[in-house]
Amino acid sequence: MLLLELDRAEVAEAFLDAYALPPEYQRIMKIVREAGGAVRVKDVGIAMGLEAEVKGRLEPLRGKLTKLSSRGWLRKLPDGRFQPAP
């Protein structure tokens, strides 16, 4: 019986993880997870198809990554890169 309850909890947690964020934030999280390590804002921007070379184009993305970090989804490293939170 206890095992069944744990499985339900894991399923519920996975469901919440998948749908707790808006689609654009889900896309950002997928890019960061698939990178396999810490990523720069520029790297995420390029993966999203943004014009990373245009000044100011990455600032909204930097804000979203920072928001994900402040809410516990990502971890911001001292050098400014981001990685998935443990």
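Starting from 1, each residue takes its place in the sequence as its number. Note that this is a predicted model, so its numbers are computed, not measured.
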Please name the pair of heavy atoms, one in Trp73 and one in Met29, separated by the smallest distance, quoted to 0.1 Å.
O-CE, 3.6 Å
For the NZ atom of Lys67 and the CG atom of Leu21, what is their distance to the nearest 0.5 Å?
11.0 Å
Could you tell me if the side chain of Leu65 sits less than 4.5 Å from the side chain of Val39, heavy atoms only?
no
Kindly write out the residues that satisfy side-chain contact (heavy atoms from CB on, under 4.5 Å) with Ala38, not counting sequence neighbours, or none if the list is empty.
Leu77, Arg81, Gln83
My understanding is that only residues two or more places apart in sequence, or in another chain, count here; which of them pass side-chain hydrogen bond (donor to acceptor under 3.5 Å, both in side chains) with Arg62?
Glu59
By side-chain contact (heavy atoms from CB on, under 4.5 Å) - contacts of Pro84 (at least two apart):
Val32, Arg33
For Glu51, give me all partners under side-chain contact (heavy atoms from CB on, under 4.5 Å), at least two apart in sequence or on another chain.
Val54, Arg57
Looking only at non-hydrogen atoms, find the nearest pair between Ala85 and Gly72 and report the distance.
CB-O, 3.2 Å
Could you tell me which residues satisfy side-chain hydrogen bond (donor to acceptor under 3.5 Å, both in side chains) with Glu34, sequence neighbours excluded, listed by chain and number?
none
If we ignore hydrogens and angles and just use 3.5 Å, is the side chain of Arg27 paired with the main-chain N or O of Met48 as donor and acceptor?
yes
Not counting sequence neighbours, which residues clear side-chain contact (heavy atoms from CB on, under 4.5 Å) with Ala52? List them please.
Lys42, Ile46, Leu58
